[in-house]
Amino acid sequence: MEEKDIVNDIQSEEVVETATAKTEDEQSYQEFVDSLEAKWYALHTFSGYENVAKENLETVVEKFNLQDRIFDIIIPMEDVVEEKNGKKKLVQRKSMPCYILAKIKYADDIWHNIIHTRGITGFVGPQGRPLPLRPDEVMKLRLEKIKVEVDVEAGDSIEIVDGALNGMIGKVASVNTETGIASVNVEMFGRETAVDVELAQIRKINN
């Protein structure tokens with residue numbers, strides 16, 4: 001066998017070994033990821049940087065292909081009734097200023113990716129170490145969609161039993177069972193206004 005052929009054979013074997021090692025590493029990593037449990041974490045941000053922090057973390061997810069590690073990233077919001085110049089209106093505002101929430105399959109290997117994201121100052125937890133939200137906190141913040149069986153349909157009269165519009169009476173315009181949201185017409189600020197309400201927040205009124 002000529003020297004050139006020997007060199008080609010050695011190079012071919014190296015390519016096969018490298019490809020095999022890469023495949024094994026990828027499989028090992030996937031098994032590692034599959035073993036992790038996705039949990040919700042609170043991330044502290046600079047004041048007024050919630051939107052920037054969210055957008056930058058989404059960029060980090062794309063750049064480092066972390067779609068299988070970091071999922072939902074949200075800025076907690078709430079509906080509130082504000083009065084200005086004698087007029088009331090329903091607006092959304094941040095319910096947790098200086099924080100964003102993210103569902104993460106956490107392990108130490110992505111800690112730096114997250115805390116070095118512009119706008120994020122660290123995890124909420126003892127000495128800045130990640131501490132996932134408790135199940136009751138996740139439920140209170142409505143971070144997970146809970147399937148609710150509510151016997152309501154378009155035309156039904158309902159009462160809103162939770163949230164900023166608690167106690168208001170309205171009529172259902174439409175129901176989306178996939179998202180768990182009902183569009184409801186309520187009398188507000190002297191006129192009929194359409195609002196979206198979670199099914200868990202309404203109670204059917206028997207006429």
Side-chain angles (χ1 to χ4, degrees), residues 14-80 90-148 163 176-181 183 195-200:
E14 289 176 345
V15 170
V16 171
E17 289 177 357
T18 301
T20 301
K22 184 177 181 180
T23 301
E24 290 175 350
D25 287 343
E26 290 175 346
Q27 182 177 352
S28 177
Y29 174 75
Q30 191 58 51
E31 290 174 351
F32 164 69
V33 171
D34 291 342
S35 70
L36 300 174
E37 182 181 355
K39 296 182 179 181
W40 284 94
Y41 294 84
L43 305 172
H44 195 270
T45 73
F46 289 112
S47 179
Y49 273 69
E50 298 89 355
N51 291 333
V52 171
K54 179 179 183 292
E55 292 171 3
N56 287 340
L57 186 55
E58 289 170 344
T59 299
V60 167
V61 170
E62 291 293 327
K63 180 178 180 180
F64 296 100
N65 296 316
L66 297 173
Q67 293 87 349
D68 59 348
R69 301 292 299 279
I70 302 175
F71 307 99
D72 296 333
I73 305 169
I74 69 170
I75 299 172
M77 305 293 289
E78 63 181 353
D79 291 327
V80 295
L90 185 67
V91 299
Q92 275 203 326
R93 71 177 183 190
K94 296 180 179 68
S95 60
M96 297 173 60
C98 298
Y99 294 95
I100 62 174
L101 304 176
K103 192 172 186 179
I104 305 170
K105 280 190 172 182
Y106 178 82
D108 290 343
D109 62 316
I110 64 169
W111 186 76
H112 286 285
N113 294 112
I114 296 172
I115 67 164
H116 288 159
T117 298
R118 182 171 175 265
I120 294 175
T121 62
F123 280 87
V124 174
Q127 298 181 340
R129 299 305 299 174
L131 182 67
L133 299 179
R134 300 190 310 270
D136 62 307
E137 293 172 327
V138 172
M139 289 186 64
K140 184 178 180 181
L141 292 167
R142 295 191 176 91
L143 297 176
E144 299 287 355
K145 291 294 183 184
I146 301 173
K147 190 171 181 60
V148 179
N176 187 326
T177 55
E178 292 296 319
T179 61
I181 298 293
S183 178
V195 295
D196 289 337
V197 187
E198 293 183 20
L199 292 177

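For the single chain, residues carry numbers from 1 onward in sequence order. These numbers come from the heavy atoms of this one structure, side chains and all, not from hydrogens, waters or symmetry mates.
- Counting only heavy atoms from C-beta outward, the side chains of Gln67 and Val61 approach each other to under 4.5 Å.
- Considering CD1 of Ile100 and CG of Leu57, their distance stands at 5.5 Å, rounded to 0.5 Å.
- When the side chain to side chain contact (heavy atoms under 4.5 Å, CB included) test is applied to Asn113, the partners found at least two apart in sequence or on another chain are Val60, Phe64, Leu66, Ile110.
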Going by atom type alone, with no hydrogens or angles, which donor-acceptor pairs under 3.5 Å involve a side-chain atom of residues 45-52 and a protein atom two or more places apart or on another chain?
residue, atom, partner, partner atom, Å
Thr45, OG1, Cys98, O, 3.4
Glu50, OE2, Cys98, N, 2.7

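- Between Tyr106 and Tyr41, the ring planes lie tilted relative to each other; the angle falls in the 30° to 60° range.
- Atoms NZ and OG1, on Lys54 and Thr59 in that order, are 10.0 Å from each other to the nearest 0.5 Å.
- Side-chain contact between Lys105 and Glu37 is absent, with no heavy atoms from C-beta onward closer than 4.5 Å.
- Residues Thr117 and Leu43 fail the side-chain proximity criterion, which asks for heavy atoms closer than 4.5 Å.
- The side chain to side chain contact (heavy atoms under 4.5 Å, CB included) test applied to Ile74 returns Trp40, Leu101, Leu143, not counting sequence neighbours.
- Using a 4.5 Å cut-off on side-chain heavy atoms (C-beta onward), Phe123 and Ile115 make contact.
- Between His44 and Tyr99, the ring center distance clears the sub-6.0 Å criterion.
- Residue Gly125 comes nearest to Leu131 through the heavy atom pair CA-CB, 3.9 Å, listed as atom of the first residue, atom of the second, then distance.
- The main-chain N or O of Lys103 is never found under 3.5 Å from a side-chain atom of Asp72 such that the two would form a donor-acceptor pair.
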